[in-house]
Amino acid sequence: MVFWPSVIVATPAHSGVGHTLSYRSEFLLTPGTLVRVPLGTREVLGVVWDCPNAAPEDLNEAKAKNVIGALEGLPPLNARWLRLIRFASQYYQRGLGEVALAALPPQLRELDAAQLARRMKKRAKLATAMPDGDTPASDAADTGHELSEEQAQALAALETAQAPVLLFGATGSGKTEVYLRATRRALDATAPGNVTTQVLVMVPEINLTPQLEARFRERFEPVYGAGAVVCLHSGMTPAQRLASWLAAHTGGARIVLGTRMAIFASMPGLRLIVVDEEHDPSYKSQEGARYSARDLAVYRAKLESDALAGQGQRCLIILGSATPSLESWHAADQGRYLRLAMPARIGGGALPRLRLVDMNHQPKGAVIAPPLLAAMAERIERGEQCLVLLNRRGYAPVLACHECGWKSGCPHCSAYRVFHKLDRTLRCHHCGFTERVPRACPDCGNLDIAPVGRGTEQLEEQIAQLLAGVKRPDGEPPRVARMDADTTRLKGSLETQLAALHSGEVDVLVGTQMIAKGHDFRRITLVAGLNADSALFASDYRAPERLFALLMQAAGRAGRDAAFMGTQGGASEMWIQTWYPQHPLFATLRTHDFPAFATEQLEERESAAMPPYGSQALLRADARTQAAAQAFLNIAADQAAGLPHRDEITLYPAVPLSIQRVANVERAQMLVECASRSELQRFLAAWQPVLHACRSAPEAKGLVRWAVDVDPLTI
DNA sequence: AGCACGCCGACT
DNA sequence: GTCGGCGTGCTC
């Protein structure tokens with residue numbers, strides 16, 4: 001008997017959506033089996049998609065090669081995993097192979113049978129070392145963590161929830177405790193057969209994994225043993241990733257904690273998915289298959305639940321945020337998601353009061369307006385901490401010559417290089433091109449070249465000067481520190497800086513939005529945002545939503561410790577410097593009224609037929625010249641004539657991206673819009689082969705690459 | 001992605 | 001006359 005397995009392989013050229021290669025095999029191979037197959041002169045990893053016993057019509061049987069072998073000892077990937085991959089491949093218009101193989105740890109390709117056997121043995125040993133039978137009752141793990149009324153109600157509602165849950169909880173309302181309790185319940189549920197139940201917890205950024213990991217380990221390792229919690233993110237070494245992946249796949253790991261890539265982890269016993277900070281744009285991949293891990297999580301939970309329905313079980317999904325995405329908020333409005341609100345902060349700490357500084361009435365050129373400076377000084381004298389946000393790294397965004405008008409442009413990008421004073425460099429934040437700062441103007445030789453505008457480096461320097469006369473309670477001058485991508489680049493430096501902040505060594509922390517996220521600073525009572533205006537009038541229609549989320553998140557850093565606040569007598573404050581204090585966004589921010597903000601934003605979206613009321617995709621093209629990039633897009637638009645639903649689709653004119661050239665590649669895009677998501681899907685599927693063909697059009701000579709971005713975050 | 005094949009400039 | 005540049009095209 002001979003079989004003709006169709007196999008997914010990871011070659012881009014075979015990435016026609018749904019494309020597989022057929023091989024020959026003496027054995028029946030279960031779909032999902034990991035195999036090694038010959039491809040060209042190489043031997044590559046593949047995943048069996050199907051295993052018919054007759055060769056497909058279009059296969060030249062003489063050309064077909066034999067499957068080399070299966071990866072021994074590895075259980076096949078299950079049917080739900082394969083369906084998740086198929087869905088992601090179709091929805092995001094990328095090859096099956098690309099999606100599937102990107103989801104597997106790269107090391108898996110290099111493992112030979114002996115290595116694999118060793119690893120599996122090690123896993124088995126670990127598993128037997130786990131406490132079981134007379135383990136501590138898992139309830140005991142929760143003692144010492146009392147629930148608020150709101151948390152208890154949310155947990156009760158989770159028990160019976162039949163739809164995805166949108167956990168709308170203020171910063172500090174104790175969402176994490178709800179995740180922990182829900183996790184315990186999911187893991188304790190007895191599953192039929194030999195299945196160990198599992199939980200997937202996703203966070204938007206690598207930076208946020210260590211602290212959440214610590215909480216999950218502390219809570220669950222005493223019950224389920226060491227190795228019950230594993231992480232999965234791009235910051236891990238290949239060996240670590242492989243170990244985590246195998247643990248998840250074989251059921252040894254009960255909890256997988258990771259960034260967006262973790263959505264593709266093989267977890268046969270999945271019973272709960274948590275997507276923390278579900279609104280965060282990091283969940284949308286910006287290269288390769290541009291998937292939304294949050295949206296795939298909702299789909300995955302549905303797949304698992306459908307499969308479990310016969311056993312009266314389900315896979316729950318919790319989307320948590322203090323400022324949910326408008327997509328999720330809308331779904332809850334429609335009743336497709338169950339909204340659970342936890343508005344109160346644990347310990348009753350009040351949310352900070354909003355203080356707007358009208359920059360129209362401040363001294364010209366003031367970095368920090370006098371009233372804000374005075375408020376900061378007062379806090380420092382009381383031994384409290386301040387957080388100052390500025391969304392610009394470096395010393396100054398551009399260096400300019402006052403004589404001839406030269407500016408520090410990047411030779412490879414249509415952007416300025418940023419002046420970094422500490423190492424005296426000009427750095428392009430887009431392509432990384434770095435040079436020493438020139439002594440004189442490269443164009444006219446003038447020595448008078450000066451920084452224009454302000455970044456975090458300069459702000460740190462200026463704040464230190466402005467507060468030089470202020471004294472801490474111990475009589476010492478205030479300590480100003482900075483935290484951004486530049487100061488945390490080295491491994492471990494983030495932890496060091498957070499420790500310094502927690503121990504009270506730092507009085508004022510200056511930084512980019514990095515400092516607004518997640519970290520639990522106890523003594524911060526004042527948060528200031530300096531350049532919010534740039535987002536108020538941005539062309540990007542999602543800018544207000546991101547600004548609101550950032551400011552709410554930043555505000556959430558202040559006054560978290562009610563006991564500490566009690567000793568201080570003063571309320572915490574959120575200061576914002578703006579030229580537009582009348583902007584309606586601030587009115588809703590003042591009352592921390594996210595529902596009002598969301599309602600107003602959704603009304604605007606509806607009247608413009610924007611998402612979530614309409615569907616969008618982008619066709620993007622990179623080429624050596626802007627003309628070639630646009631020519632490709634225009635040909636693609638012409639060739640779309642007659643495709644399914646073409647009449648319901650709007651193709652907008654091709655335009656250059658706002659940063660037109662990056663690393664000497666010209667970039668252009670075309671917006672694709674449709675009122676109906678499914679019609680857009682059918683159109684894109686039909687367009688795919690046309691796009692492949694347009695690649696070789698003579699006008700598009702110089703095209704480097706093209707890609708479709710479904711549900712883009714920025715347009 | 002790799003890795004071949006293929007057609008034009010500077011070397012033993 | 002060969003070595004080698006990387007443009008184009010294929011891998012069951």
Side-chain angles (χ1 to χ4, degrees), chain A residues 1-71 82 85-86 89 92-111 234 238 261 264 285-290 621-625 628-629 631-632 635 663-666 688-708:
Chain A
M1 188 107 187
V2 176
F3 299 90
W4 302 91
S6 59
V7 176
I8 319 172
V9 290
T11 63
H14 288 116
S15 72
V17 177
H19 195 116
T20 59
L21 294 181
S22 291
Y23 289 84
R24 228 172 162 277
S25 166
E26 310 296 317
F27 313 99
L28 176 65
L29 294 164
T30 312
T33 303
L34 288 150
V35 289
R36 247 181 268 284
V37 291
L39 182 69
T41 56
R42 295 174 303 150
E43 184 186 317
V44 298
L45 181 68
V47 178
V48 174
W49 187 248
D50 194 15
C51 196
N53 54 19
E57 296 268 316
D58 56 347
L59 180 72
N60 175 352
E61 291 187 28
K63 226 174 78 179
K65 294 181 185 172
N66 279 309
V67 169
I68 294 166
L71 268 68
L82 291 172
I85 296 298
R86 182 177 65 183
S89 159
Y92 294 105
Q93 302 288 319
R94 303 292 289 209
L96 266 179
E98 186 187 1
V99 176
L101 278 299
L104 300 174
Q107 292 258 113
L108 209 52
R109 291 168 214 196
E110 285 132 45
L111 277 188
S234 57
M261 69 183 329
F264 293 117
S285 164
Q286 293 299 334
E287 67 204 6
R290 292 161 147 83
D622 289 356
R624 283 205 292 272
T625 65
F632 169 80
I635 294 164
N664 291 322
V665 172
E666 289 282 338
Q688 193 75 20
V690 176
L691 295 173
H692 277 285
C694 289
R695 196 184 212 307
S696 44
E699 297 91 329
K701 191 168 155 49
L703 184 76
V704 177
R705 65 183 87 84
W706 61 270
V708 176

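Bear in mind that the values here come from a model prediction, so they are computed numbers and not experimental data. Lettering follows sequence order; numbering is per chain, from 1.
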Between [atom2] of [N] and [atom1] of [X], the distance in whole Å:
| X | N | atom1 | atom2 | answer |
| --- | --- | --- | --- | --- |
| A:Arg624 | C:dC6 | CZ | C1' | 12 Å |
| A:Leu45 | B:dG2 | CG | P | 14 Å |
| A:His692 | C:dG9 | NE2 | P | 15 Å |
| A:Leu703 | C:dT8 | CG | P | 12 Å |
| A:His19 | C:dC12 | NE2 | C1' | 8 Å |
| A:Glu43 | C:dC12 | CD | P | 13 Å |
| A:Leu39 | B:dC3 | CG | P | 11 Å |

Next on the checklist: Heavy atoms only, 4.0 Å cut-off, all strands: where does A:Ser22 land among base, sugar-phosphate and nothing?
Outcome noted: base
Is any side-chain heavy atom of [X] less than 4.5 Å from a side-chain heavy atom of [Y]?
| X | Y | value |
| --- | --- | --- |
| A:Leu82 | A:Trp49 | yes |
| A:His19 | A:Leu96 | no |
| A:Pro38 | A:Tyr23 | yes |

Item to check | Residues from residues 52-68 of chain A lying under 4.0 Å of DNA chain C - heavy atoms | outcome: A:Leu59, A:Lys63, A:Ala64, A:Lys65
Next on the checklist: With salt bridge (Lys or Arg N to Asp or Glu O under 4.0 Å) as the rule and sequence neighbours excluded, what pairs involving residues 48-66 of chain A come up?
Outcome noted: none
Item to check | Sole candidate of A:Ile68, A:Leu21, A:Leu45, A:Val9 that passes side-chain contact (heavy atoms from CB on, under 4.5 Å) when paired with A:Val37 | outcome: A:Val9
Checklist entry - So which heavy atom on A:Ala629 is nearest to which on A:Ala623, and how close? => result N-CB, 3.5 Å
